[in-house]
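Lettering of chains follows the sequences in order, A, B, ..., and the numbering in each one begins at 1. These values consider heavy atoms only, across backbone and side chains, with no hydrogens, waters or symmetry-generated copies.
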Protein chains: 2
Amino acid sequence: MGKERLPELLDALRRRGERLTTARHALLSVMAHADEHLSADQLSVEVARTNPAIHRATIYRTLETLRRLGIVEHTHLGHGPAVYHLADDVHQHLVCEECGWVVEAPADLFAGVEETLERDFGFDMRANHFAIVGRCRRCAEEGTERVAGDRRTPTQA
Amino acid sequence: MGKERLPELLDALRRRGERLTTARHALLSVMAHADEHLSADQLSVEVARTNPAIHRATIYRTLETLRRLGIVEHTHLGHGPAVYHLADDVHQHLVCEECGWVVEAPADLFAGVEETLERDFGFDMRANHFAIVGRCRRCAEEGTERVAGDRRTPTQA
DNA sequence: CTGCTTGCAAATAGTTTGCACGTTC
DNA sequence: GAACGTGCAAACTATTTGCAAGCAG
């Protein structure tokens, strides 16, 4: 968890013959130390703390480069922006569509499904590339107990 | 499949005390006869064939209304726009992140996972609200055979 | 020095919203 | 005719891109 992953990430770039620019270094540094998944915009803000000159467009382009190199991955959590994380950090996302709460679930959650899809559909599922949408315990309970309902989404989300 | 679902959809609106406007009628008619899931924009185009006056903004607002009423649902297929379908049409989406190809998979695919999530996380998963991202057979095979690689995404997607 | 990277600004895609007018019940 | 729905234009969010200048190797 608290391990220092930055050096090996930089190494990965070097080994690939990729350039080690200030922007890439700064972005990887932020990602290596982040304990949540951040959107491109959030990453941009974090990077700007130490390096205000780095433009959001560069963040997007760098993320795309790192994705192509297999170093970072992104997930679409539903409505909002995509969130990014290091590729070696494998897991599922459970996101509550009512309150937006996100938890991580073990990566092997879909082991069985993965097999079925491969066999029946020839489909190679990328489990950690999408979010599992639903309702968290709290929202489910509130939903049941609720009388009038002050939320946007009355009962069925 | 080819069943006439429109009347009962209109009834559902009436029963709820909702107004039966031209736009709602037209949109539901398109959705009842569509055999694919369409984005708001595509729906707008289809509706415009018989009713050019209906504005895209109205499509969005009507879709939101119908969603609130539990009549339609939408799914985020990854990058592009959300796609909409009638709520009684329950299934999973397998979407290839390389070629964009989409197939439907049976709704009970996740039965086991659903139980696990409920038990271990108190999480009530909405299986048909998200897409399962991965690679279809064709892209997987091409990816393996490819020598030079003319795609945006060399090997790992 | 040569080409990949970046900054900036502007374009783009998807969706939402304020407001005045029109339609449904 | 009152309340709700709609058209239009404009705002907004997330992301991409052309171009000229900058920096890594």
S.K.: A/His74 NE2 to D/dA14 P: how many Å, rounded?
M.R.: 15 Å
S.K.: With sequence neighbours excluded, tell me which residues meet side chain to side chain donor-acceptor pair (under 3.5 Å) with B/Asp11.
M.R.: B/Arg14
S.K.: Roughly how many Å is it from CD in B/Glu64 to C1' in D/dG5, rounded to a whole number?
M.R.: 14 Å
S.K.: Whole angstroms only, please: what is the CD-C1' distance between A/Gln42 and D/dA14?
M.R.: 13 Å
S.K.: Could you work out, with salt bridge (Lys or Arg N to Asp or Glu O under 4.0 Å) as the rule, every residue matching B/Glu18, not counting sequence neighbours?
M.R.: B/Arg24
S.K.: So, using ring pair (Phe, Tyr, Trp, His ring centres under 6.0 Å) as the criterion, who are the partners of A/His25 when residues are at least two apart?
M.R.: none
S.K.: Indicate, with a heavy-atom threshold strictly under 4.0 Å, whether B/Thr62 touches base, sugar-phosphate, or nothing.
M.R.: sugar-phosphate
S.K.: Who passes side chain to side chain donor-acceptor pair (under 3.5 Å) against A/Arg56, sequence neighbours left out?
M.R.: A/Asp41
S.K.: Are B/His93 and B/His37 an aromatic pair, judged by ring center distance below 6.0 Å?
M.R.: yes
S.K.: Quick one: which residue pairs count as a ring pair (Phe, Tyr, Trp, His ring centres under 6.0 Å) with a foot in residues 103-128 of chain A, not counting sequence neighbours?
M.R.: A/Phe110-B/Phe110
S.K.: Please encode protein proximity along nucleotides 12-17 of chain C as a string of B, S and -, counting only heavy-atom distances under 4.0 Å.
M.R.: --SBBB
S.K.: If you look at every heavy atom in B/Ile54 and B/Ala26, which pair is closest and at what distance?
M.R.: CD1-CB, 3.9 Å
S.K.: Got a sec, which residues hit salt bridge (Lys or Arg N to Asp or Glu O under 4.0 Å) with B/Arg49, two or more places apart in sequence or on another chain?
M.R.: B/Glu46
S.K.: How bent is the helix from C/dC1-D/dG25 to C/dC25-D/dG1, comparing axes over its five end pairs at each side, to the nearest 10°?
M.R.: 30°
S.K.: So, using side chain to side chain donor-acceptor pair (under 3.5 Å) as the criterion, who are the partners of B/Asp120 when residues are at least two apart?
M.R.: none
S.K.: Do any N or O atoms of the protein come closer than 3.5 Å to N or O atoms of nucleotides 22-25 of chain D, and which pairs are they?
M.R.:
| from | atom 1 | to | atom 2 | distance (Å) |
| --- | --- | --- | --- | --- |
| D/dG25 | OP1 | A/Leu20 | N | 3.3 |

S.K.: Report the distance from atom CD1 of B/Ile54 to atom P of C/dG22, rounded to the nearest whole Å.
M.R.: 17 Å
S.K.: Output the rounded distance in Å from CG (B/Leu63) to C1' (D/dG5).
M.R.: 14 Å
S.K.: Just jot down the salt bridge (Lys or Arg N to Asp or Glu O under 4.0 Å) partners of B/Glu114, sequence neighbours excluded, or say none.
M.R.: none
S.K.: Of all residues at least two apart in sequence or in a different chain, which pass the side chain to side chain donor-acceptor pair (under 3.5 Å) check with A/Ser39?
M.R.: A/Gln42
S.K.: Take atom NE2 of B/His25 and atom C1' of D/dG5, then tell me their distance rounded to the nearest Å.
M.R.: 16 Å
S.K.: In whole Å, what is the span from the CZ atom of A/Arg16 to the C1' atom of C/dT5?
M.R.: 18 Å
